[in-house]
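In this text, all values refer to a predicted model and were calculated from it rather than measured experimentally. In what follows, chains carry the letters A, B, and so on, assigned in the order in which the sequence lines appear, proteins first and then strands, with residues in each chain numbered from 1.
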There are 2 protein chains.
Amino acid sequence: MSTSSRFAVAVHILTLLEMSEGEPVTSEYVAGSVNTHPAVVRRLLGMLAKAGITTSQLGAGGGALLAKAAADVTLLDVFRAVEEGDVFAMHHGRPSPACPVGRQIQGVLEVTTDAAQRALEEQLAARTVADILADVRVRESAECSSAA
Amino acid sequence: MSTSSRFAVAVHILTLLEMSEGEPVTSEYVAGSVNTHPAVVRRLLGMLAKAGITTSQLGAGGGALLAKAAADVTLLDVFRAVEEGDVFAMHHGRPSPACPVGRQIQGVLEVTTDAAQRALEEQLAARTVADILADVRVRESAECSSAA
DNA sequence: TCAAATGTAACTACCGTAGTAACACACTAG
DNA sequence: CTAGTGTGTTACTACGGTAGTTACATTTGA
């Protein structure tokens, strides 16, 4: 299977926050861009805040803000904030301890799945929220000029 | 989230088949080692057969067999045979086309998620079912000698 | 004080996975 | 040729996670 959509939506949210340049952004505004319910956005923002990536300003005129520079927030930080557990799942029930393969398969397999997950995480660590916003802007101007 | 347990179980199954050295293995025997229901094993074997990794011998004395050398079956082959779709999911609903971020975020994000998935797949491609069985045997003898 | 906005808890609907039973079909041994 | 073994496949159930939705207490600015 695949991850939840939380990672993609979280990156989307953070890109919007970076674009607002310090102005608090409401969950309702974000929900409009993401095309979901404001409470879903607030749930994600709760996870991101717990990870120290965002903060919120309560009350009227409030909203969400980045807690640190977008260039210091890697996609791996985001991934870990909103997705829990390992990418690869092992057996549901424990394999038979009476069989050599049953005894060893999970330990052996873990070597490879751990390496695979680490390789994936290295790619995510190589890009930041600032990079994402920059790419969005490049694509926007490219489409504008080609459409004109 | 994480993948299903199908990948781990499929590797387990193939390791057992390789260990049997050409003797057909019944789904009931495999289910005993994996600790699941024979029909679950047959379902997995169906997917592996469709991918050309295993074959089955029907009737009495029948069972499952590897369709090619274990050294030619990479864990990536197995992964693709039993897990479908991409590792990373995008938004459920389509982001707002009225917002620059909404318009571009998925295309931009895909660059990174594709790279991450490719990195993961490279790791899986680097190991074969033959490697897994060899590792199982190494661990078995290590435990025997240390226990003695 | 009023209105705006968050944080959070419930509840629902939905989907994928795995466990289970059932049965037609294929094959092999005898 | 027949009895028995094992596959392939379908249908059904139970379970868990995700996300959409509503609701409400709480905080804060004007």
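Here the shortest heavy-atom pairing between B/Leu124 and A/Ala116 reads CD2-CB, 4.2 Å. The minimum heavy-atom distance between A/Gly32 and B/Ser96, with the atom names listed, is O-CB, 3.3 Å. Scanning both residues, B/Gly62 and B/Thr26, for their nearest heavy atoms gives O-CG2, 3.8 Å.
Contact between the side-chain N/O atoms of A/Thr36 and the OP1/OP2 oxygens of D/dA19 is not found at any separation under 4.0 Å. Phosphate contact (OP1/OP2 of C/dA18, side-chain N/O of B/Arg6, threshold under 4.0 Å): present.
With hydrogens and angles ignored, the 3.5 Å screen pairs a side-chain donor or acceptor of B/Ser20 with a backbone N or O of B/Leu17.
Residues A/Leu16 and B/Val101 meet the side-chain proximity criterion, which asks for heavy atoms closer than 4.5 Å. Counting only heavy atoms from C-beta outward, the side chains of A/Val34 and A/Tyr29 never approach each other to under 4.5 Å.
Rounded to an integer number of Å, the gap from NE2 of B/His12 to C1' of C/dA18 is 17 Å. When rounded to the nearest whole Å, the span between CG of B/Leu65 and P of C/dC27 equals 14 Å. If you take CD of B/Glu23 and C1' of C/dT28, they are 14 Å apart, rounded to a whole angstrom. Rounded to whole Å, the distance from CZ on A/Phe7 to P on D/dT18 is 15 Å. The separation between A/His37 atom NE2 and C/dC14 atom P is 17 Å, rounded to whole Å. Straight-line distance from the CZ atom of A/Arg43 to the P atom of D/dA23: 16 Å, rounded to whole Å. A straight line from CG of B/Leu44 to C1' of D/dT9 spans 14 Å, rounded to a whole angstrom.
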With 3.5 Å as the limit, what N/O pairs link the protein to nucleotides 2-6 of chain C?
from, atom 1, to, atom 2, distance (Å)
C/dA4, N3, A/Ala60, N, 3.3
C/dA5, O4', A/Gly59, O, 3.4
C/dT6, OP1, A/Ser27, N, 2.7
C/dT6, OP2, A/Ser27, OG, 2.8

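Residue pairs meeting the salt bridge (Lys or Arg N to Asp or Glu O under 4.0 Å) criterion with at least one partner in residues 106-123 of chain A, sequence neighbours excluded, are A/Arg80-A/Glu121.
Distances were taken from every side-chain heavy atom of B/Ala39 (C-beta onward) to each of D/dT21, D/dA11, C/dA21; the shortest belongs to C/dA21. Here D/dG20 is the nucleotide among C/dA18, D/dG20, C/dA21 with the atom lying nearest to any side-chain atom of B/His92.
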